[in-house]
Amino acid sequence: MQEQSAELYEEVKLFRNAREREKYDNMADLYAIINTIQQLEKAYIRDCITPQEYTAACSKYLVQYKVAFKQVQCDEFPTVESFVKKFRLDCPAALERIREDRPITIRDDKGNTSKCIAEIVSLFITIMDKLRLQINTMDALQPDVKDLADNMNRLSLIPEDFDAKLKVEKWLGSLNEMQASDELGESQVRQFLFDLESAYADFNKLLHSQ
């Protein structure tokens, strides 16, 4: 009798190998991001979050959603709707936000502005993550910084003398003067990260003012 009781408390494993474990981890990540977007929409509707905080967070989560869904997309889950139905996720607001691919605070101009903003948010996060991981060579940073500067120049709502844009362009100039294998020093990495965090905050404030 005791042996049978012990069996009832044995751990049930969802996976049998590393590949299956990664599959379930990816699904868990996607589930969490969709649920987070749903809760973010509700928080904004209830005035629990400021428009600028909402815009920044929503832009970030939409970028993360695209990456997460690509890891899960397959014959079983060809669309996000099929994933939501399978796991009985009640998230109508999140699905609407995913379909529109932009925060509700950003006007629709055939997707051009929202796409550019999403790219800028994604690049800010990518570069800051690289610096925090001590990825500091010119060839690892310059392409992303160039893309960030290009996208900021392309976005018409950013003024020419916008301080955040000038900071990004300054660091792009510094990187362009380096050899591919050259590394930023510890103090340079610290200053670069500080400037990016400041520029990212200013960019989010600008979005709120539109």
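Small disclaimer: the values here were computed from a predicted structure and weren't measured.
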Side-chain ([X]) to main-chain ([Y]) donor-acceptor, under 3.5 angstrom:
| X | Y | answer |
| --- | --- | --- |
| N176 | L172 | yes |
| E183 | N136 | no |
| R97 | R102 | yes |
| Q188 | G185 | yes |
| T126 | S122 | yes |
| Q71 | N26 | no |
| Y200 | A164 | no |
| N35 | Y31 | no |
| S82 | T79 | yes |

How many angstroms lie between atom [atom1] of [X] and atom [atom2] of [Y], to the nearest 0.5 angstrom?
| X | Y | atom1 | atom2 | value |
| --- | --- | --- | --- | --- |
| L155 | L157 | CG | CG | 4.0 Å |
| D25 | L30 | CG | CG | 13.0 Å |
| D202 | I158 | CG | CD1 | 11.0 Å |
| L95 | E41 | CG | CD | 11.0 Å |
| C58 | E53 | SG | CD | 13.5 Å |
| Y44 | T50 | OH | OG1 | 9.0 Å |

- request: Could you tell me whether D150 and K146 have a side-chain N and a carboxylate O separated by less than 4.0 Å?
  value: yes
Salt-bridge present (R154, E119; N to O < 4.0 Å): no
Whether over 12 other heavy atoms sit under 6.0 Å from [X] [atom1]:
| X | atom1 | result |
| --- | --- | --- |
| K167 | NZ | yes |
| K86 | NZ | no |
| E81 | CD | yes |
| R132 | CZ | yes |
| R99 | CZ | yes |
| D129 | CG | yes |

- prompt: Does V63 belong to the same Ile/Leu/Val/Met/Phe/Trp/Tyr cluster as L40, with side-chain heavy atoms less than 4.5 Å apart forming each link?
  reply: no
message: Do Y24 and I33 sit in one hydrophobic cluster, given that two such residues count as connected whenever their side-chain heavy atoms are within less than 4.5 Å of each other, even indirectly?
response: yes
Compare every heavy atom of [Y] with every heavy atom of [X], then report the nearest pair and how far apart it is.
| X | Y | answer |
| --- | --- | --- |
| L206 | P159 | CD2-CD, 4.2 Å |
| A180 | T137 | O-CB, 4.2 Å |
| I135 | L141 | O-CD2, 3.6 Å |
| L131 | V189 | O-CG1, 3.9 Å |
| V72 | F77 | CG1-CD1, 3.8 Å |
| F69 | P78 | CZ-O, 3.8 Å |

task: Over 60° means perpendicular and under 30° means parallel, so classify the ring planes of F83 and F87, tilted if in between.
output: tilted
query: Hey, mind stepping through Q179 and D139 against side chain to side chain contact (heavy atoms under 4.5 Å, CB included) and telling me if it holds?
result: CA-CA 8 Å; Q179 298 296 317; D139 59 348; over 6 Å; no
- prompt: Do any pairs count as a ring pair (Phe, Tyr, Trp, His ring centres under 6.0 Å) and have a residue in residues 169-192, sequence neighbours left out, and if so which ones?
  reply: W171-F192
message: Evaluate V80 against Y65 for side chain to side chain contact (heavy atoms under 4.5 Å, CB included), listing each step before the verdict.
response: CA-CA 10 Å; V80 65; Y65 156 76; 3.3 Å; yes
- prompt: Given the rule in the side chain to side chain contact (heavy atoms under 4.5 Å, CB included) test, do L184 and M178 qualify, once you have shown the distances and angles that lead to the verdict?
  reply: CA-CA 9 Å; L184 294 176; M178 298 167 62; 3.8 Å; yes
4.5 Å side-chain heavy-atom contact, [X] and [Y]:
| X | Y | value |
| --- | --- | --- |
| L207 | N204 | yes |
| V121 | F203 | yes |
| K165 | E160 | yes |
| L89 | Q38 | no |
| F124 | M128 | yes |
| I127 | K130 | no |
| P103 | I117 | no |

Side-chain donor-acceptor pair present, Q39, T36, cut-off under 3.5 Å: no
